[in-house]
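Presented below is the structure to which this report refers.
The first residue of the sequence shown is numbered 1, and numbering continues consecutively from there.
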Amino acid sequence: MTATATRVLVLNSGSSSVKYQLLDMHLGTRLAVGLVERIGEESSRLAHTPLATGGAKRETEGAIADHEAALKAVAAELAADGLGLDSPELAAIGHRVVHGGLKFTEPTVIDDAVLKEIERLVPVAPLHNPANITGIRTARALRPDLPQVAVFDTAFHTTMPEYAARYAIDVETADAHRIRRYGFHGTSHAYVSRKTAALLGKDPSEVNVIVLHLGNGASASAVAGGRCVDTSMGLTPLEGLVMGTRSGDIDPAVTFHLKRVAGMSEDDVDVLLNKKSGLIGLCGDNDMREIRRRIDEGDERARLAFDIYIHRLKKYIGAYSAVLGRVDAVAFTAGVGENAAPVREAAVAGLEEMGLAVDASLNAVRSDEPRLISPEYARVAVAVVPTDEELEIAQQAYALVSA
């Protein structure tokens, strides 16, 4: 890597989309951001914003056949702004990889052996790892000379003790099929827990934080001194909190019951629990803004969905308070956590004896900056900390290739 190579391109490849950001790590700025969606359809769309030049967002529509075509289109958009992939200032391409199992506990430069191991993990991440692999292969073909770095969603959670990570099932069966709790959203939990410590004016090693990542996918983590000791998602991202379309915690026997009584197949149950449950299953909406609007109009079904969502949140706050023993802060992040003041208020309501409270006026403030929303007298700080997973991936990738 040359001294002038200070840029990192971050790629987040989904099954039919690619999110990307180009960042300059020396200047601490974003040079471009964009999204390719509906890959493989006639109505594919690429939205690109060249922040470095202050230009307006450019949008193009038309068929983009596959991820290779999508990344070539991204490269063309970047080149049009003088930010092409052939730039000597590009130090690395950082890839979000959802599942790293137990082998990958830190960012890793991708070679053939690493890629093979990521492929081995497809059975435990069938919706995510294949898309991540496609993005990696395409990027390696476009820039075979450039370091490609995998940053794993699961890595931050590999510090969980065995008693938190293992399920209470037969050990031989669990080990043979790699069944354990891995956790996800790790880059977000790592970033937000550090930012929360900074907000309190302390080193991460001094702070115990409960992080609530509340988006369409939602997860909680208990972070003790900068290390994750428990998290709500498990073998897959289905376990834990009520989410936009996922059920979260459920009696495993429900799946057997649905197969026996309703005649549902394994695929039917999979679709039900991952895509037709959670908020959308409870009330037909997975947008918290719409749910709150319906509640304001007296919609009882929306109210029940909201109450179930909040009840699960409270349970995890209480459980992780017990796990940590001492809680210094509860941090809300991601789309719902950062923007839905009623969710934050309701989640800590009634927990005053645990030292939690929200100041109504502070909670109502909208800001892109980390901030405290608890009153000064509260024993436990309540914070809103905007997450930045792309920055976290870029920082980890750049630190690795710089070293």
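Ring orientation note: the planes of Y320 and Y316 are nearly perpendicular, at an angle over 60° on the 30°/60° scale. Classification of the H189-H157 ring pair by plane angle, with boundaries at 30° and 60°, yields perpendicular.
Side-chain contact between M233 and R246 is present, with at least one heavy-atom pair separated by less than 4.5 Å. Counting only heavy atoms from C-beta outward, the side chains of L22 and L51 never approach each other to under 4.5 Å. Two residues are said to be in side-chain contact when any heavy atoms from C-beta on lie closer than 4.5 Å; L200 and L372 meet this criterion. Contact annotation: the side chain of L46 never approaches that of L35 to less than 4.5 Å [non-hydrogen atoms, C-beta and beyond]. Side-chain atoms of V149 and I110, non-hydrogen and from C-beta on, never get closer than 4.5 Å to each other. Within the 4.5 Å cutoff, side-chain heavy atoms of V343 are placed close to those of I310. Residues L83 and P50 form no side-chain contact, since every pair of their non-hydrogen atoms from C-beta on lies 4.5 Å or further apart. With contacts defined as side-chain heavy-atom distances shorter than 4.5 Å, the pair D285/R294 qualifies.
Applying the ring-ring contact (aromatic ring centres under 6.0 Å, His included) rule to pairs touching residues 101-126 yields F104-F152, sequence neighbours excluded.
Looking at T333 and E338, their side chains do bring a donor and an acceptor atom within 3.5 Å of each other. A donor atom on one side chain and an acceptor atom on the other are not found under 3.5 Å apart for R96 and N132. Side chain to side chain, S205 and D203 meet the donor-acceptor criterion of an N or O pair below 3.5 Å. Counted by atom type alone, S44 and R38 present zero donor-acceptor pairs between their side chains at under 3.5 Å. Side-chain polar atoms of Q148 and R140 form no donor-acceptor pair below 3.5 angstrom. For T158 and T105, the side-chain atoms include no donor-acceptor pair closer than 3.5 Å. There is no side-chain donor-acceptor pair under 3.5 Å between E77 and Y20.
For R371, there are no side-chain hydrogen bond (donor to acceptor under 3.5 Å, both in side chains) partners, not counting sequence neighbours. Listed by chain and number, the residues in a ring-ring contact (aromatic ring centres under 6.0 Å, His included) with H67 amount to none (sequence neighbours excluded). Applying the side-chain hydrogen bond (donor to acceptor under 3.5 Å, both in side chains) rule to R227 yields no partners; only residues at least two apart in sequence or on another chain are considered.
In this structure, F156 has its ring center no closer than 6.0 Å to that of H185.
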| message | Between D268 and K276, is the salt bridge (Lys or Arg N to Asp or Glu O under 4.0 Å) condition met? List the steps. | response | CA-CA 10 Å; D268 291 337; K276 297 182 179 180; over 6 Å; no

| said: If you apply the rule salt bridge (Lys or Arg N to Asp or Glu O under 4.0 Å), what do you find for K103 with E117, and how did you get there? | reply: CA-CA 9 Å; K103 185 176 181 66; E117 185 63 24; 5.3 Å; no

| Evaluation steps, side-chain contact (heavy atoms from CB on, under 4.5 Å), between S277 and T245 | CA-CA 5 Å; S277 296; T245 66; over 6 Å; no

| message | Before you tell me yes or no, could you show the steps for R143 and L90 under side-chain contact (heavy atoms from CB on, under 4.5 Å), namely the whole-Å CA-CA distance, both residues' side-chain angles and the distance that decides it to 0.1 Å? | response | CA-CA 10 Å; R143 280 296 307 267; L90 191 60; 4.3 Å; yes

| request: Run the numbers on K116 and D111 for salt bridge (Lys or Arg N to Asp or Glu O under 4.0 Å), then give the verdict. | output: CA-CA 9 Å; K116 186 174 181 179; D111 57 19; over 6 Å; no

| Could you go step by step and tell me if L212 and V330 meet the side-chain contact (heavy atoms from CB on, under 4.5 Å) rule? | CA-CA 7 Å; L212 302 173; V330 173; 3.8 Å; yes

| field | Test log, rule side-chain contact (heavy atoms from CB on, under 4.5 Å), inputs S13 and T134 | value | CA-CA 8 Å; S13 299; T134 301; over 6 Å; no

Pair up each side-chain donor or acceptor in residues 378-386 with any protein partner under 3.5 Å, not counting sequence neighbours, and list the distances.
unit_1: R379; atom_1: NH2; unit_2: M354; atom_2: O; d: 3.1

Under 3.5 Å donor-acceptor pairs involving side-chain atoms of residues 355-365, not counting sequence neighbours:
unit_1: D359; atom_1: OD1; unit_2: S361; atom_2: N; d: 3.0
unit_1: D359; atom_1: OD1; unit_2: S361; atom_2: OG; d: 2.5
unit_1: D359; atom_1: OD1; unit_2: L362; atom_2: N; d: 3.0
unit_1: N363; atom_1: OD1; unit_2: R344; atom_2: NE; d: 2.7
unit_1: N363; atom_1: OD1; unit_2: R344; atom_2: NH2; d: 3.1
unit_1: N363; atom_1: ND2; unit_2: A341; atom_2: O; d: 3.0

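With salt bridges taken as basic N to acidic carboxylate O contacts below 4.0 Å, none links D299 and R303. Ion pair E392/R194 flagged as a salt bridge, since at least one NZ, NE, NH1 or NH2 atom sits closer than 4.0 Å to an Asp/Glu carboxylate oxygen. Looking at R166 and D175, a side-chain N of the basic residue comes within less than 4.0 Å of a carboxylate O on the acidic one, giving a salt bridge.
For the pair R180 and Y167, the NZ or CZ position fails the cation-pi test of under 6.0 Å to the six-membered ring centre and within 45 degrees of the ring normal.
To the nearest 0.5 Å, atom OH of residue Y182 and atom OG1 of residue T154 are 8.5 Å apart.
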